[in-house]
Amino acid sequence: MGCSVAGMSESFRANKALGQHFLISEKAIRTIAEAIPQGQSAIEIGPGPGAITTSVLARVGHLTIIEKDDRFAEYWQDKTNIYNHLSVVHGDVLEVLESAVQQAQPDWIVGNLPYNISGPLTAQLASFSLTGGMILMYQREVGQRIVAESGSKIYGGLSVLVRHFYSPKRLITLPPGAFNPPPKVHSMVIQLLPHGNTPDCAYADLQTTVRQGFAHRRKTIFNQFRGELTQDDFISVNIDPQKRPEQLDYADWVKITLLRKGTVKIQHD
Ligand code: SAM
């Protein structure tokens with residue numbers, strides 16, 4: 001399906017394999033762009049033909065875009081002649097994100113994310129402590145998992161990881177008709193704002209713990225870490241070892257991570 005965007009002379013065919021569903025809802029575009037304060041710097045993941053990009057470019061001091069599709073990377077590279085506050089990174093975001101963030105040092109990350117990689121991409125995104133935050137579009141079910149609180153059936157690893165540096169909040173939910181071509185699912189825009197209260201615990205260690213802890217959702221937390229931590233270890237940090245992973249909140253996961261790292265002293269008899 002072709003897609004024409006205001007200000008863009010070319011028509012691009014959406015590539016399903018790259019999760020291309022182009023945003024056409026003006027309300028959604030405004031909501032995303034206006035969440036970024038004027039004059040700050042940002043990275044946009046997957047600009048495509050630029051529904052969000054054009055509005056963001058009008059606000060920010062500098063924008064770096066990361067795009068895998070050769071056609072869009074080339075299109076935006078040509079635009080750097082007009083926009084001298086635009087940089088283009090042509091590549092797979094999962095491979096280039098780390099170096100792009102190191103180089104650009106953005107205040108914000110924004111994007112209508114390709115849904116097929118949104119899980120691993122979010123686990124990577126959540127490792128960056130940005131001063132501004134992130135405005136990210138997800139398939140609705142993934143967005144619901146990210147904002148879910150402990151105790152909920154859909155609470156999982158991503159719900160924990162995003163809370164290391166950020167407080168997640170749903171901004172808007174969008175129907176399939178907000179995109180061209182329309183996806184089969186609803187979408188959700190999630191805002192991640194820094195809470196400034198991150199404990200002294202390395203993100204990579206938290207991620208390893210969460211991955212292992214949620215490997216079998218029906219097992220008790222004691223059984224997930226059997227052989228490594230005792231029942232008493234859990235009790236010493238006020239965690240009931242019989243709880244299931246989805247019953248533990250972010251602070252509990254940090255405690256388990258620190259127990260595993262030996263940062264919290266374990267008193268064995
Ligand atoms: N931002 C545009 C919009 O809102 O209309 C396009 C969003 S579309 C859902 C996802 C975009 O991410 C596409 O431009 C696609 O080419 C790009 N993309 C898909 N996989 C990618 C990857 N692994 N790395 C970088 N960009 C990717």
Side-chain angles (χ1 to χ4, degrees), residues 1-8 10-36 42-60 63-79 83 86-101 103-104 106 108-125 128 134-143 171-190:
M1 177 172 307
C3 170
S4 293
V5 173
M8 180 173 265
E10 300 163 56
S11 176
F12 290 103
R13 185 171 289 275
N15 179 342
K16 263 195 177 173
L18 288 175
Q20 291 179 351
H21 298 281
F22 304 123
L23 187 58
I24 52 174
S25 157
E26 287 299 330
K27 181 179 166 231
I29 293 167
R30 261 202 319 278
T31 304
I32 294 168
E34 288 173 8
I36 301 175
I43 284 181
E44 184 188 358
I45 296 168
I52 301 166
T53 320
T54 310
S55 301
V56 171
L57 269 170
R59 299 180 69 81
V60 295
L63 179 67
T64 299
I65 59 171
I66 301 175
E67 177 59 65
K68 184 173 180 180
D69 189 317
D70 300 348
R71 302 166 304 164
F72 296 131
E74 199 177 313
Y75 173 83
W76 288 107
Q77 190 57 53
D78 288 348
K79 293 283 181 218
Y83 300 108
L86 172 67
S87 306
V88 178
V89 177
H90 182 191
D92 183 334
V93 63
L94 291 173
E95 289 165 16
V96 301
L97 183 62
E98 181 92 43
S99 65
V101 170
Q103 181 152 1
W108 293 83
I109 294 180
V110 60
N112 172 10
L113 302 182
Y115 294 161
N116 50 342
I117 57 166
S118 62
L121 179 54
T122 301
Q124 208 184 124
L125 283 168
F128 303 115
M134 305 193 197
I135 311 291
L136 304 168
M137 174 102 68
Y138 289 96
Q139 176 178 338
R140 178 173 57 185
E141 288 68 21
V142 177
L171 285 189
I172 40 170
T173 303
L174 294 166
F179 304 86
N180 177 26
K184 292 201 173 73
V185 292
H186 278 62
S187 300
M188 191 178 274
V189 178
I190 301 292

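Worth knowing before you read on, the calculation uses all heavy atoms, side chains too, and leaves out hydrogens, waters and symmetry mates. Indexing begins at 1, ligand by ligand and atom by atom, following the structure's order.
- Here is the list of ligand 1 atoms found below 4.0 Å of a heavy atom in Glu44: 1 (N).
- At the shortest separation from atom 9 (C) of ligand 1 among protein heavy atoms lies Gly19 O, 3.1 Å.
- The closest protein non-hydrogen atom to atom 23 (N) of ligand 1 is Asp92 OD1, 3.0 Å.
- Atom CD of Gln103 has 12 or fewer heavy atoms from other residues, nucleotides or ligands within 6.0 Å.
- When non-hydrogen atoms are compared, ligand 1 lies under 4.0 Å from neither the backbone nor the side chain of Thr53.
- No donor-acceptor pair closer than 3.5 Å links the side chain of Gln20 to the backbone N or O of Gly48.
- Looking at ligand 1, you'll find an N or O of Gly48 within less than 3.5 Å of one of its N or O atoms.
- Of the candidates Ala51, Gly46, Gly50, Pro114, the one placing a heavy atom closest to atom 6 (C) of ligand 1 is Gly46.
- Considering backbone and side-chain N/O of Val93, one or more are found under 3.5 Å from N/O of ligand 1.
- A 4.5 Å side-chain heavy-atom check between Leu113 and Ile117 finds every atom pair outside the cut-off.
- Those atoms of ligand 1 with a heavy atom of Phe22 less than 4.0 angstrom away are 5 (O), 6 (C).
- Looking at atom 13 (C) of ligand 1, its nearest protein heavy atom turns out to be Gln20 CG, 3.7 Å.
- Residue-ligand proximity, Ile52 to ligand 1, at heavy-atom distances under 4.0 Å covers atoms 4 (O).
- Remark: the backbone N or O of Ala73 is not paired with any side-chain donor or acceptor of Glu67 at under 3.5 angstrom.
- Using a 4.0 Å cut-off between heavy atoms, Met137 makes no contact with ligand 1 at all.
- With respect to atom 15 (C) of ligand 1, the closest heavy atom belonging to the protein is Glu67 OE2, 3.4 Å.
- The aromatic rings of Phe12 and Tyr75 sit perpendicular to each other, their planes meeting at more than 60°, with 30° as the lower class boundary.
- The ligand atoms of ligand 1 that sit less than 4.0 angstrom from a heavy atom of Asn112 are 3 (C), 4 (O), 7 (C), 8 (S), 9 (C), 10 (C).
- The backbone N or O of Ala17 sits less than 3.5 Å from a side-chain atom of Asn116, completing a donor-acceptor pair.
- Not a single heavy atom of Leu94 lies less than 4.0 angstrom from ligand 1.
- With a heavy-atom cut-off of 4.0 Å, Asn116 does not touch ligand 1 at all.
- Phe22 and Phe72 have their aromatic ring centers within a separation under 6.0 angstrom.
- Within the 3.5 Å criterion, the main-chain N or O of Thr173 finds no donor-acceptor partner in the side chain of Arg140.
- Among Asn180, Val189, Leu174, the single residue meeting the side-chain contact (heavy atoms from CB on, under 4.5 Å) criterion with Leu23 is Leu174.
- Protein heavy atom closest to atom 5 (O) of ligand 1, with residue, atom name and distance, is Leu23 N, 2.8 Å.
- Residue Lys68 has at least one nitrogen or oxygen atom sitting less than 3.5 Å from a nitrogen or oxygen atom of ligand 1, judged on distance alone.
- Annotation: atom 19 (C) of ligand 1 to nearest protein heavy atom, Leu18 O, 3.1 Å.
- Only backbone heavy atoms of Pro47 (N, CA, C or O) come within less than 4.0 Å of ligand 1; its side chain stays farther off.
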